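Scroll down for the structure; my scribbles are underneath it.
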Amino acid sequence: MTALELVSLLTQTIYLLIFVLVGWGVVRRRTRTSVDIALFFGAISIAIVESRLATTLGLQQVEIVTDIATLLIIAMPYLLLRLVDDFSSVPPIVSRIAEAGLFLSAVAFIATEGTVPPPILLAVVLYFAALSTYCAVAFVQAARRAAGVTRRRLQAVALGTVLLGLAILVAGLAPLLPAAMAGLPNGLTQALALASAIAYFVGFTPPQILRRAWQEPELRAFLRRAASLPRMPDTPSIVRALQDGAGSTLGARAAIGLFDRETNTLRFHDPHGGLPTEVGQSEYLAWRVFETQHAEYYPDAGRAHPALASSYLAHGVRSLLIAPISAAEQRLGALEAYTDHEPVFSEDDLDLVRLLADQAAVILESRALIDEAARVRAHEEAARLKEDFISAAAHDLKTPLTTLVAQAQFLERRAETQPLAPADLPGLRRIVKEARRLSALVLELLDASRLEQGKLVGEREPVDLVELARDVARRDSYQGRRISVTADAPVIGTYDPRRIGQVVENLVENAVKYSPDGSEVRVDVVQRNGEAFIDVTDEGIGIPAGDLPQVFERFHRASNVDDRRFSGMGLGLFLCKGIVEQHGGRIWVESREGTGSTFHVVLPLEGAR
Ligand code: ADP
């Protein structure tokens with residue numbers, strides 16, 4: 001056997017092997033694509049077997065045998081075009097031209113009984129070359145659109161097509177060459193044919209090991225991204241990222257439906273709008289997969305669920321891969337990947353979809369655990385805050401209450417022992433003062449809980465802040481201190497007057513409380529750039545820099561404040577901040593320890609909510 005014969009035998013064996021494998025594929029699952037692939041390799045195989053039989057039995061000269069072999073070879077580019085049409089639409093005009101070319105070539109061969117005149121032969125060869133080039137380009141383009149295994153396979157198919165086209169071109173041109181060069185094309189044809197056989201083998205029936213190797217980079221990329229997903233801000237963002245990841249890994253569009261226990265449906269977040277947003281009870285194929293917990297490949301979704309065929313068609317859902325997303329016993333949802341064409345290789349991708357769905361389950365589970373942990377933490381935090389609150393409140397209420405009880409007992413004893421003695425006015429005043437303090441503390445506590453419930457700010461109405469500040473300044477609760485209010489013109493906005501009054505009063509009270517007698521406390525009210533500014537300034541003890549960020553927090557008192565000297569429980573500023581923010585404003589403080597403080601309040605004048 002010569003080297004050329006060996007190459008030829010090898011090429012033919014590979015083509016036959018591909019035919020057997022794709023034929024077995026048709027037996028397992030008949031789809032238009034798998035049938036088209038089988039037809040293509042069937043034609044090649046019949047031609048091969050025929051020529052082998054003819055050679056062994058010495059039938060070369062039998063006309064009918066040669067004719068059938070020739071016709072099958074002529075049909076090949078057309079069959080290839082059908083394949084192209086399976087996963088990227090071939091314009092009808094191209095199909096018609098191909099059919100006409102096929103018909104004319106066949107007629108030419110039959111009419112001339114195999115001895116085609118050179119000009120016609122040249123035309124037929126050119127028709128072959130043009131069709132093969134078209135197919136190769138279409139495969140390359142389809143490969144570019146695809147990803148993962150599908151992309152590699154389409155690339156191999158494109159290469160096989162180019163090589164086969166060249167082989168046919170060289171073989172077809174051979175009879176047109178001078179006799180001296182006759183040996184050359186034969187060797188080249190054989191080499192090209194062998195190379196195309198190998199490329200087709202890799203493209204149409206790649207061994208498992210190759211598929212795994214092809215899947216790996218895409219999978220790796222997906223897993224790398226996946227690691228950070230559970231920490232994303234919320235579940236919808238995770239679902240979107242998973243969809244994008246699965247989509248680019250598969251080279252298809254992907255959508256994830258999460259199971260909603262309340263409505264007993266799968267809720268989809270499909271960015272492409274190809275799938276319905278809610279799927280329940282035997283509607284759509286995703287629900288079937290979710291119920292049976294078996295991943296499925298539907299080459300033609302419309303055929304698998306005829307009732308919804310038009311809906312699938314309208315939304316560009318042709319070929320569907322669906323895998324359940326489940327973690328242990330927990331059914332979380334389903335992952336769907338779909339394309340508007342039947343991809344040739346979806347059986348392989350089913351494994352990948354399963355793997356991606358499992359990953360999605362792990363990620364969604366981790367997210368659920370993180371949420372659960374956060375819920376537990378929030379619960380613990382709430383419990384701790386409640387305890388803090390109760391102990392702080394109890395502590396702060398105890399001081400005035402103790403004084404109150406002691407003073408009242410003292411007066412009671414005095415009344416018993418000296419019934420005729422004049423009323424102890426200073427003692428009674430102390431009782432009233434402590435009772436007022438107690439009542440103020442209780443009101444603060446009630447306000448804090450109202451703030452938590454978002455019920456602190458009530459009806460709003462037009463309010464002149466200058467007038468309001470003057471009112472507050474006139475109150476006689478500042479240990480006889482005079483409060484100056486500076487303003488040029490009325491500043492009118494829509495606020496809850498009681499609560500804004502409370503803010504100003506609180507800031508003035510603090511300014512008075514934390515500054516020495518006789519020092520100045522000033523309130524400035526001004527309107528600037530559509531906003532109202534209220535500044536309360538004192539020349540008091542100031543706030544240490546380390547405490548500044550926390551003074552607006554609940555129960556926080558600065559480190560330079562002595563509980564015995566300055567009463568209070570650290571709720572006033574917390575309430576001020578809540579009230580101001582609920583009016584759409586902001587509050588902050590500038591302060592230097594030992595020098596004084598200015599509290600700034602800014603409120604919107606218009607459109608405040
Ligand atoms: P309270 O005055 O009841 O402690 P606030 O919430 O009104 O609670 O104030 C929180 C803390 O901020 C005070 O304990 C004090 O340390 C500091 N603070 C507030 N206003 C002033 C001020 N004008 N000067 C100095 N420190 C202040």
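In listed order, ligands and their atoms are each counted from 1. The structure presented is a predicted model; accordingly, all values stated were derived computationally and were not measured. Because only heavy atoms are used, hydrogens play no part in the values below, and waters and symmetry mates are left out as well, while side chains stay in.
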* Specify the protein heavy atom at minimum distance from atom 19 (C) of ligand 1: its residue, its atom name, and the distance to 0.1 Å. => N510 ND2, 3.5 Å
* Structure fact -> Ranked by distance from atom 4 (O) of ligand 1, the top protein heavy atom is R557 NE, 2.5 Å
* In ligand 1, which numbered atoms sit nearer than 4.0 Å to a non-hydrogen atom of A511? -> 23 (N)
* Is the shortest N/O to N/O distance between I543 and ligand 1 below 3.5 Å? -> no
* Asked: Has ligand 1 got any nitrogen or oxygen that is less than 3.5 angstrom from a nitrogen or oxygen of N560?
  -> no
* To do: Identify which of G542, S515, A440 has a heavy atom lying nearest to atom 25 (C) of ligand 1.
  => G542
* Electrostatic pair E372-R375, nearest N-O below 4.0 angstrom -> yes
* Structure fact -> Minimal heavy-atom distance between P549 and G546, with the atoms involved, is CD-O, 3.6 Å
* Structure fact -> Under 4.0 Å from one or more heavy atoms of G568, ligand 1 contributes atoms 3 (O)
* Asked: Are any side-chain N or O atoms of D496 and backbone N or O atoms of G458, one a donor and one an acceptor, separated by less than 3.5 Å?
  -> yes
* Structure fact -> The atoms of ligand 1 lying under 4.0 Å from a heavy atom of L571, numbered in the order shown, are 6 (O), 8 (O)
* Could you give the distance from CG (L285) to CG (L320), rounded to the nearest 0.5 Å? -> 6.0 Å
* Can you check whether F574 has an N/O within less than 3.5 Å of an N/O in ligand 1? -> no
* Consider every N or O of A558 and every N or O of ligand 1, then say whether any pair is closer than 3.5 Å. => yes
* Asked: Does R267 count as lying over the ring of F259, i.e. NZ or CZ under 6.0 Å from the six-ring centre, within 45 degrees of the axis?
  -> no
* Considering F566, F555, Y514, which one's heavy-atom position lies nearest to atom 24 (N) of ligand 1? -> Y514
* To do: Answer yes or no: does an N/O atom from G570 fall short of 3.5 Å to an N/O atom of ligand 1?
  => yes
* Could you tell me if any non-hydrogen atom of G540 lies under 4.0 Å from any atom of ligand 1? => no
* To do: Just say parallel, tilted or perpendicular for the rings of F566 and Y514, cut-offs at 30° and 60°.
  => tilted
* To do: Find all atoms of ligand 1 within a distance of less than 4.0 Å from any non-hydrogen atom belonging to M569, and give their numbers and elements.
  => 3 (O)
* Asked: Looking only at protein heavy atoms, which one is nearest to atom 23 (N) of ligand 1, and how far off is it?
  -> D538 OD2, 2.8 Å
* Asked: For atom 10 (C) of ligand 1, which of H556, E593, K577 has the closest heavy atom?
  -> H556
* To do: Examine ligand 1 and decide if any of its atoms is less than 4.0 Å from a heavy atom belonging to F552.
  => no
* Numbered atoms of ligand 1 (with element) below 4.0 Å of K513, judged on heavy atoms -> 1 (P), 2 (O), 3 (O)
* Nearest non-hydrogen protein atom, atom 6 (O) of ligand 1 -> L573 N, 2.7 Å
